[in-house]
Amino acid sequence: MSEEPRDVFKLSRDWLSVQEVVDAVSSSTCGAISVFIGTTREDEVEGRKVVGLEYEAYELMAQSEFTRLCAEVRARWPTVTHVCVHHRLGWVKVGEASVAMAISSPHRHDSQQAIQHSISRLKASIPIWKKEVYDTEEASWKENAECSWSSSSREK
Amino acid sequence: MSEEPRDVFKLSRDWLSVQEVVDAVSSSTCGAISVFIGTTREDEVEGRKVVGLEYEAYELMAQSEFTRLCAEVRARWPTVTHVCVHHRLGWVKVGEASVAMAISSPHRHDSQQAIQHSISRLKASIPIWKKEVYDTEEASWKENAECSWSSSSREK
Amino acid sequence: MTAQVLVLYFAKSAELTSVREEVVAVPTSVSSQDLWTLLLQRHPRLSAVQGQVVLAVRQQYVDICDQLVALGDGDEVAVVPPLSGG
Amino acid sequence: MTAQVLVLYFAKSAELTSVREEVVAVPTSVSSQDLWTLLLQRHPRLSAVQGQVVLAVRQQYVDICDQLVALGDGDEVAVVPPLSGG
């Protein structure tokens with residue numbers, strides 16, 4: 001019943017398929033699949049309305065940081081079977097998914113804990129950036145609080 | 001930006017669509033959707049191979065217990081926006097999803113914590129039963145450890 | 001005073017009784033223990049799950065104990081083996 | 001000794017330099033602080049993100065500090081503003 005672990009990372013300019021991410025981690029040895037989907041909320045920032053996000057990535061390093069993230073997750077939760085992340089690049093309209101992550105494991109607690117940790121680690125270490133674009137055509141680069149060199153981390 | 005909270009519960013004899021469960025909770029006010037999918041593992045029990053599961057439910061009470069579960073989750077995590085559960089009835093082959101649950105919230109920690117809690121509560125309180133069916137044509141009724149009157153709980 | 005209630009059997013209890021539902025005459029005020037005993041008399045094979053089930057009265061769980069249950073015509077009572085959804 | 005490295009700029013740093021990548025001659029052994037100073041001299045507008053970025057050398061994060069970095073021809077160096085993926 002053993003199965004080669006899969007770590008699947010894809011940067012995509014198209015709409016994300018949740019089913020595809022789930023299928024990438026499904027396994028006859030796993031009773032549990034935990035999934036996280038991150039989307040852009042409708043938001044107003046100082047009277048300007050967010051219309052979408054523009055994403056870019058350091059693509060090769062994003063892949064190598066993902067591989068490192070998976071190794072760390074497997075060391076901590078050895079029963080994690082497969083991990084899959086699809087992340088958008090380029091223009092993402094408000095309301096569309098920017099990231100979809102799925103993790104499978106034989107029992108649910110492992111995949112549930114692993115996915116919480118993995119989303120935090122993704123935000124802290126995978127070189128991807130987004131710019132919020134407003135209806136005024138202005139834009140501003142965002143910073144994850146999880147990133148150790150973000151301004152919110154520096155203030156601590 | 002306020003939106004009427006949705007609590008969607010469906011018992012289904014068909015294949016579960018993860019996309020449908022996700023779409024049922026998506027909202028322009030939510031940045032996070034957490035999903036859990038439970039499937040049947042390939043398993044051998046005393047030399048017999050599990051080929052599938054046969055589910056049944058006390059359908060009306062399952063709906064009312066789900067409503068109660070949602071109220072409890074919203075009391076504890078007031079930012080939870082929508083909750084959706086699709087659960088299979090009847091015959092489910094090994095490897096197919098038996099349950100898919102999705103919860104949306106503005107920020108990810110709420111939906112992540114709420115989904116862990118909700119899956120435990122579902123197993124403890126929603127009147128659904130499954131019988132494991134083996135390749136020998138034998139079968140046995142399962143009991144969730146989370147159910148307060150299961151034999152594993154009684155032993156405690 | 002008796003009431004005609006609809007008794008539902010699920011999972012293993014339905015296998016033991018060989019019926020999924022039936023109308024049963026029960027006292028309008030009865031402990032859940034006595035209600036269970038009454039069902040056991042109708043279906044002696046239910047003794048196989050003695051101590052392993054709870055009841056549901058009007059879709060609310062009720063432990064089998066001394067607690068009094070008020071019942072009226074048409075009320076739903078269910079025999080509820082340990083749950084295994086999910 | 002100098003090496004020809006490929007320097008990549010991302011997000012706000014790419015907006016400030018107006019280039020996404022360029023080949024730069026750098027010492028083969030240099031502190032990450034001196035490497036950053038060298039990039040600042042090429043692109044004075046990068047001072048807007050001074051203290052708010054790290055570097056990546058051959059796809060490994062390196063804080064801007066006294067730490068020595070060994071560089072060879074063709075190595076990749078990146079200016080990495082705070083991350084905002086997810």
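Worth knowing before you read on, the calculation uses all heavy atoms, side chains too, and leaves out hydrogens, waters and symmetry mates. Naming convention: chains lettered A, B, ... in sequence-line order (proteins, then strands); numbering from 1 in each chain.
When each of A:Arg108, A:Gln19, A:Met101, A:Gln113 is scored by its heavy-atom pairs under 4.5 Å with chain B, the top score falls to A:Arg108. When the candidates B:Pro106, B:Ala100, B:Ala97 are compared by the number of heavy-atom contacts under 4.5 Å with chain A, B:Pro106 comes out ahead. The most heavy-atom pairs under 4.5 Å with chain A, out of B:Thr39, B:Val94, B:Val99, come from B:Thr39.
A:His109 and B:Gln116 form no side-chain donor-acceptor contact under 3.5 Å, judged by distance and modelled atom types alone. Between B:Ser64 and B:Thr67, the side chains place no donor N or O within less than 3.5 Å of an acceptor N or O (distance only, hydrogens not considered).
A:Ser118 OG to A:Phe66 CZ: the interatomic distance, rounded to the nearest 0.5 Å, is 8.0 Å. Atom NE2 of A:His86 and atom CG of A:Leu11 lie 9.5 Å apart (nearest 0.5 Å).
Proximity of the aromatic rings of B:Tyr55 and B:His87 is defined here by a centroid distance below 6.0 angstrom, and this criterion is met.
The stretch residues 119-142 of chain B places B:Ile119, B:Ser120, B:Lys123 near chain A, each with some heavy atom under 4.5 Å from a heavy atom of that chain.
Salt bridge B:Asp7/B:Arg74: present, at least one basic N to carboxylate O contact under 4.0 Å. Checked for salt-bridge contact, B:Glu96 and B:Arg88 meet the test: a charged N lies under 4.0 Å from a carboxylate O.
Applying the ring pair (Phe, Tyr, Trp, His ring centres under 6.0 Å) test to B:Phe36 and every residue at least two apart in sequence or in another chain returns nothing.
For chain B, no part of A:Ser26 is nearby; none of its heavy atoms comes within less than 4.5 Å.
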